[in-house]
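By convention in this document, chain letters (A, B, ...) are assigned in the order of the sequence lines, proteins followed by strands, and residues within each chain are numbered from 1. Because the structure is a prediction, the values reported are computed rather than measured.
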Amino acid sequence: GGAGETTVAVYAAASLSEAFEDLAARYEAANPDVEVRLNFAGSARLAAQIGAGARADVFASANGATMGRVAAEGRTAAPPALFARNRLALVVPAGNPGAVTGLRDLSDDSLVLAVCAPEVPCGALARAVLADAGVDADADTAETSVRAVLTKVMLGEADAGLVYATDVAAGGDKVAAVPLGPQTRFNDYPVAAVSDRAVAAHFMDFVLGPDGRRILSDHGFGTP
Amino acid sequence: MSRRPPVGVLAMAGVAIGVLGLPLVGLLQRTPWSSLGATLGEAATLEALRVSAVVSLAAAAVSVMLGLPLAWVLARLPFRGRALVRAVVLLPMVLPPVVGGIALFFALGRRGLIGRALQNGFGVDTLIGTTAGAVIAAAFVAMPFFVITAEAGLRQLDPRLESAAATLGAGRWTVLRRITLPLLAPSLAAGATLSWARALGEFGATITFAGNHPGRTRTLPLAIAQANEAGQPEAAIAMSVLLIAVSLVVLVGLRHRWLAPRRRWPEPSQEIPSP
Amino acid sequence: MSRRPPVGVLAMAGVAIGVLGLPLVGLLQRTPWSSLGATLGEAATLEALRVSAVVSLAAAAVSVMLGLPLAWVLARLPFRGRALVRAVVLLPMVLPPVVGGIALFFALGRRGLIGRALQNGFGVDTLIGTTAGAVIAAAFVAMPFFVITAEAGLRQLDPRLESAAATLGAGRWTVLRRITLPLLAPSLAAGATLSWARALGEFGATITFAGNHPGRTRTLPLAIAQANEAGQPEAAIAMSVLLIAVSLVVLVGLRHRWLAPRRRWPEPSQEIPSP
Amino acid sequence: MSIHAEIQATVGGFAIRAAFDAPAGTCTAVVGPNGAGKTTLIHALAGLVALERGKIVLAGQVVDDPARRRRVPPERRPIALHSQHNLLFPHLSVADNVAFGPRCSGLAARAARRRAEEWLEKVGLAEAAGLRPAQLSGGQAQRAGLARAAACQPEVLLLDESLAALDAETRTDVRHLLADLSATRVLITHDPVEARLLADQLLVMETGEIVQAGAPEEVAANPRTPWTAGLLGVNLLSGRAAGTEVALDCGLALTTATPMTGPVLVAFSPAAVTLSTAEPHTSARNTWEAEVGRVQPEGDRVKVFLGPPAPCRVWVTPQAVGELGLEAGSRCWASLKATELTVRQA
Amino acid sequence: MSIHAEIQATVGGFAIRAAFDAPAGTCTAVVGPNGAGKTTLIHALAGLVALERGKIVLAGQVVDDPARRRRVPPERRPIALHSQHNLLFPHLSVADNVAFGPRCSGLAARAARRRAEEWLEKVGLAEAAGLRPAQLSGGQAQRAGLARAAACQPEVLLLDESLAALDAETRTDVRHLLADLSATRVLITHDPVEARLLADQLLVMETGEIVQAGAPEEVAANPRTPWTAGLLGVNLLSGRAAGTEVALDCGLALTTATPMTGPVLVAFSPAAVTLSTAEPHTSARNTWEAEVGRVQPEGDRVKVFLGPPAPCRVWVTPQAVGELGLEAGSRCWASLKATELTVRQA
Ligand SMILES: Nc1ncnc2c1ncn2[C@@H]1O[C@H](COP(=O)(O)OP(=O)(O)OP(=O)(O)O)[C@@H](O)[C@H]1O
Ligand SMILES: Nc1ncnc2c1ncn2[C@@H]1O[C@H](COP(=O)(O)OP(=O)(O)OP(=O)(O)O)[C@@H](O)[C@H]1O
Ligand SMILES: [Mg+2]
Ligand SMILES: [Mg+2]
């Protein structure tokens, strides 16, 4: 917008990058005098940067715990709000070489299975879903990022992976999703203003508002 | 003493080249050549390339400027705790880059050891999102390579040559300029190349300490990682190929003797060809 | 020619030590010493330490075993394309580690260049989650350091000494064992140390190519990154301190001359103390 | 072990071309100006420089013959070399340096060590056994290098200016040490006395070629180039002979005892020339007046350089210098008996 | 520029202790066995080895005085040094090596280059100007190193065995070059002829100390140690004098012309001894029978080593060797005039 008389620094989790690039573009179109500066990285990294005094205005985390820590340190200007919801998906490489038909098959030790580490949200979600289904799956790798799981499946190096539903599209025709049926567990994404500048609250309202919801749902996110 | 090397040696060298080279061949083979042009033509890619060039060159320059005196002190000044300092110099290599980034916060962040000094003295509020921060992060991980290489070179130098220069009337700086540095040139070039290459590939410390800001701190590795995260593996690979191509051009372009000490003896094979 | 160095040099060296050392000091200062014991006592931490030790040592060993012949070929065997091979050897340094991991898949993965050969020949289905995979990933990024350092050392060697040994009746292997390698020892030690340190700190290629499997591929850097992602920065810092401590012990413990060429001349300062 | 060598080789653009034979157990001295190719020659013998053509045969065994693609590597030639640069191994003690060759020949560590100590003793370096090469003085390093080569007890020992840095006393001792070796020796030296004392055969090298070879006295008596003549102290002038008259290129005419025709070399000893202040009237057939150049005392005699018409050197006693008032720039008469002249076709 | 030096210094555990004066423009030769500390001495003069005590004064200016913490660094001393090891800069061409000193003294590149070319010409290396040091032969490298030091046109020139690798002819030329320099020169040499020809003053060093100093002829006439005597060719025996009778330690009694008492050194020239097969009956006061050791031709004379009772060297003519049938193991009579003996308090 314009020469960028005002800027708003938005720190967003890497898995939100496509959605937030769209959000930023739309926001700049609606507010020509504001320039959105995006910084994408893992939630924990962003939290560390904010903790170290980065000039961030808005923080969108993929991880409630991380946001909780930032809030606990008193770095948020307003209470966090949940703005997006994600479901778990089971993906297999195109052609499904491991002949995976559902969660049950994941207990097969000869399968190369990639999931997230239990300490990160997608891992916690995966573990809970597997437990609910009563499946005792031994993962070959516990990734710290969902995209790392997806990468391994896309390359055919893993026979199956548990990722977020929003990631399936990113796999294009290299991966196929195996239907999981109705789910009761989700991961919800919080967003918070971390500066008390008016533009921070304004951008946050935009994300939570109807335009924001539509863009997020275009990218596969649900509403919490 | 240069005869055809034993077959075993050649075989092992071949395996080594395979280990190092095959992944690159694989990368090239899977490169989406059709969409390559599009990705590389994108403004964002070119911007990342520019940031990478600036940051890696600046980091290499900082490494040389600060690293050379440090190497000199380590090689030539006997002092207590020299072994400790030398080990500390190596530590950034050992530290996972993320931890390196966090450690940089502890030192230079607003609440870091000299954060307040930076703020008051230089008006530096935060290094996050600044190219300076990216350069510092890259230099932090890249400098050790230069220091180690330059120190080894300095130690290998025959100090009698420097003494000889002094007896011919050369002062300290003349000796440095006309004898020490030229004789050291191969080591310096090798060290600078190593640290440049390390800075060019640097990812973890940069994204942690300086953030991922397009046009300022988003270098090619950050752009690659983000493309990968954003589900655009083709773009990631295309940019990797770009990175490789740039590196190859630079590395091959540097006269190859720069990467290795200048010959002081005739190439052995000239004297003793294999029968 | 060793007199007290100019103040400028000392100052610059000081800045360099600051850049490299301050972050470590910051890290130590912020270390949660009270909970340190608890974190370090955890079985998972010790397991990660063990995996780190195994993987880094194995990677360093592979680097030396394969890297030495390669260095020898690069230094002594004139052939076309030598500059290209030397540049390719450097590329793993430039590649962002994640891309390095992906490239390794392209070479050694199930659908990689020699993946089928591995599968049929060695029954290797996948390297994900295997220590072998972690070693390969670490060696891939660590070997260049050894090769570059060893090659520089080899080039700096006076080949006339090897010829002299031959005229005294020493065969090829005797020359290698009793002259070349001992004279090269400082470079070899430095190169091995550099590549060990690089392997110890390796993260990206390992987690991408070999995955993060406790007890098999989860090295300390992976455990640190995971703790960090999981919102346990204290645990991450505690483990980083452990990594630093281990490295320091090893690096200081190595006789410091190993990191630098053995003296062939009297320590200069003995001859010319400052006035 | 006899040596038969026909060598053509090139280092860095400089070519040598030399052939010689050395019977087993003899000593061959190689002399010649700096840069003549002496070091290159013995490097070729040792196998450090490859032949382009020719061959090297040791006791009937061909060790180098590029035409037949035969080439025994240095370590399998029964040869040891002491380099002009010593090239001691910096990481080994002096004793270990000297024991290196014996160890390579298969001797056990202890026996090799004993052999090393013997040789160090012989070259007067017993006390330095434990030192590193960097701790030796120049002459000590040279002795260590020499001991290292000799301790191999090779059939052929190549010595490149091995006595140059030794003090005068040690040099004499080592010279006798070398004279007593049974190995076939080839030694490079710039010291004519050393060459004459040690050598059974003298090779004179200039610009890559052997310009003269023979027993030292023979070469001294019949030097074929001015360099050789100068080295061995003989005066050598060129001219054209017609019967017993030789018109020297410098203008002077000399009478000789040997009738010849065409271009010749005339050689005469510096001691054969008599100087006087007035024109002499003796039986000497050749007399001329000359200007005195340098007057240079050497040991117990004085070398006088005469200028034109016939530049030459003359040895006189210090007394004569005083009595005749010889000094640079003065004039004197030289006389030379025809029988003192050696004349050879050029 | 005059030199006044009182030097105490240590390198790697070896201590030297030496004091001497050299008037401006003179040449001082330092001789002594290998490892005596000669190189260390001139390194101290050049400032490469620190003094522990003593001082070095050049033309009245103190350049080194540890007691007053004064120490002029090597580059600001008006001294140039040619090292025993040449130490040419491997990355510079021969011409650039030689031009290095002139450049440091502030000469413009072009002028320095000209100066370098002049000196290369003087040492006969004009054609090698463009080569790298690694492409030179041993003697060529030594000439380049010498030219490099001389091209500094220093007030004091230190030369460490600078002629050792030169061929005989070049050596004579360079000797004259050195003799003509106006710099105060200190040169280390193992060549007694060189020392005698070049030096105004001779310093004899042994085990770190100057054991004798003086004009060469003076030292030759009165050598104070067997090494010096040996170097200069004089025989030296020790004993106790009582009047004109000296009881040598070896058992023999000699008559001298100089009455003395107590421990003495007796010196005599090898030429002063006459040998014969039967007991001689001449005016010579001292005669003894001895066994012949080595018989060693040297140039136009032969050196005969006599064994007990009085080990000494004798010069005779080759004819005498033949006539007397001198060979190792034979016996002969030696006679020596009392007036030929020099006796000094030990
Ligand atoms: N760096 C060193 N460490 C130990 N000893 C040394 C060192 N440098 C010299 N020395 C010893 O000092 C002594 C004197 O050495 P110096 O080089 O002065 O002898 P020199 O008189 O020049 O002998 P040469 O005639 O052989 O050149 C030698 O015995 C040598 O072993
Ligand atoms: N590597 C090289 N590159 C170029 N020229 C060389 C090389 N090595 C030797 N030469 C040339 O070859 C010639 C002969 O050298 P060599 O060492 O055989 O001489 P030398 O007779 O031993 O002389 P010196 O008496 O000075 O030791 C020299 O003119 C030298 O310049
Ligand atoms: Mg030579
Ligand atoms: Mg010396």
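Per-residue heavy-atom pair counts under 4.5 Å with chain C were compared for Ala107(B), Pro23(B), Gly100(B), and the maximum is reached by Pro23(B). Ranked by heavy-atom pairs under 4.5 Å with chain C, the list Gly109(B), Ala103(B), Ala225(B) is led by Ala103(B). Between chain C and the options Leu24(B), Leu95(B), Val141(B), the largest number of non-hydrogen pairs under 4.5 Å is found for Leu24(B). Ranked by non-hydrogen atom pairs under 4.5 Å with chain B, the options Leu66(C), Val94(C), Leu68(C), Val19(C) are led by Val94(C). Between chain B and the options Met12(C), Arg30(C), Arg198(C), Met93(C), heavy-atom pairs under 4.5 Å are most frequent for Arg30(C). Ranked by heavy-atom pairs under 4.5 Å with chain C, the first of Val88(B), Leu194(B), Val15(B) is Leu194(B). Per-residue heavy-atom pair counts under 4.5 Å with chain B were compared for Val62(C), Leu154(C), Leu104(C), and the maximum is reached by Leu104(C).
Of all the heavy atoms in Pro92(B) and Leu20(C), the pair that sits closest is CG-CD2, 3.9 Å. Residues Gln156(B) and Ser187(C) come closest through the heavy atom pair OE1-OG, 4.5 Å. Among all heavy-atom pairs drawn from Pro69(C) and Ala13(B), the shortest one is CB-N, 3.7 Å. Looking at every heavy atom in both residues, Trp72(C) comes nearest to Val9(B) through CE3-CG1, 4.1 Å.
In this structure, Leu248(C) CG and Leu84(B) CG are separated by 6.5 Å, a value rounded to the nearest 0.5 Å.
If you measure heavy-atom distances from Val89(B) to chain C, the contacts under 4.5 Å come from both the backbone and the side chain. Heavy atoms of Trp173(B) lying under 4.5 Å from chain C belong exclusively to its side chain. Proximity to chain C (any heavy atom under 4.5 Å) is restricted, for Ile237(B), to the side chain, taken from C-beta onward. Looking at Phe105(B), there are no atoms closer than 4.5 Å to chain C (heavy atoms on both sides), in backbone or side chain. Neither the backbone nor the side chain of Leu28(C) comes within contact range of chain B, judged by heavy atoms closer than 4.5 Å. When heavy atoms are compared at a cutoff of 4.5 Å, Glu202(B) does not approach chain C at all. The parts of Leu22(B) that come within reach of chain C are both its backbone and its side chain, each placing non-hydrogen atoms under 4.5 angstrom from that chain.
Taking the side chain as every heavy atom from C-beta outward, Val25(B) and Leu113(C) approach each other to under 4.5 Å. Side chains of Thr149(C) and Ile148(B) form no contact here, defined as non-hydrogen atoms less than 4.5 Å apart.
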One pair to check against side-chain contact (heavy atoms from CB on, under 4.5 Å): Leu91(C) and Ser247(B). What are the steps and the verdict? CA-CA 7 Å; Leu91(C) 284 184; Ser247(B) 317; 3.6 Å; yes
Report the C-alpha distance between Arg86(C) and Leu251(B) in whole Å, list the side-chain angles of each, state the deciding distance to 0.1 Å, and finish with yes or no for side-chain contact (heavy atoms from CB on, under 4.5 Å). CA-CA 8 Å; Arg86(C) 192 179 284 124; Leu251(B) 296 176; over 6 Å; no
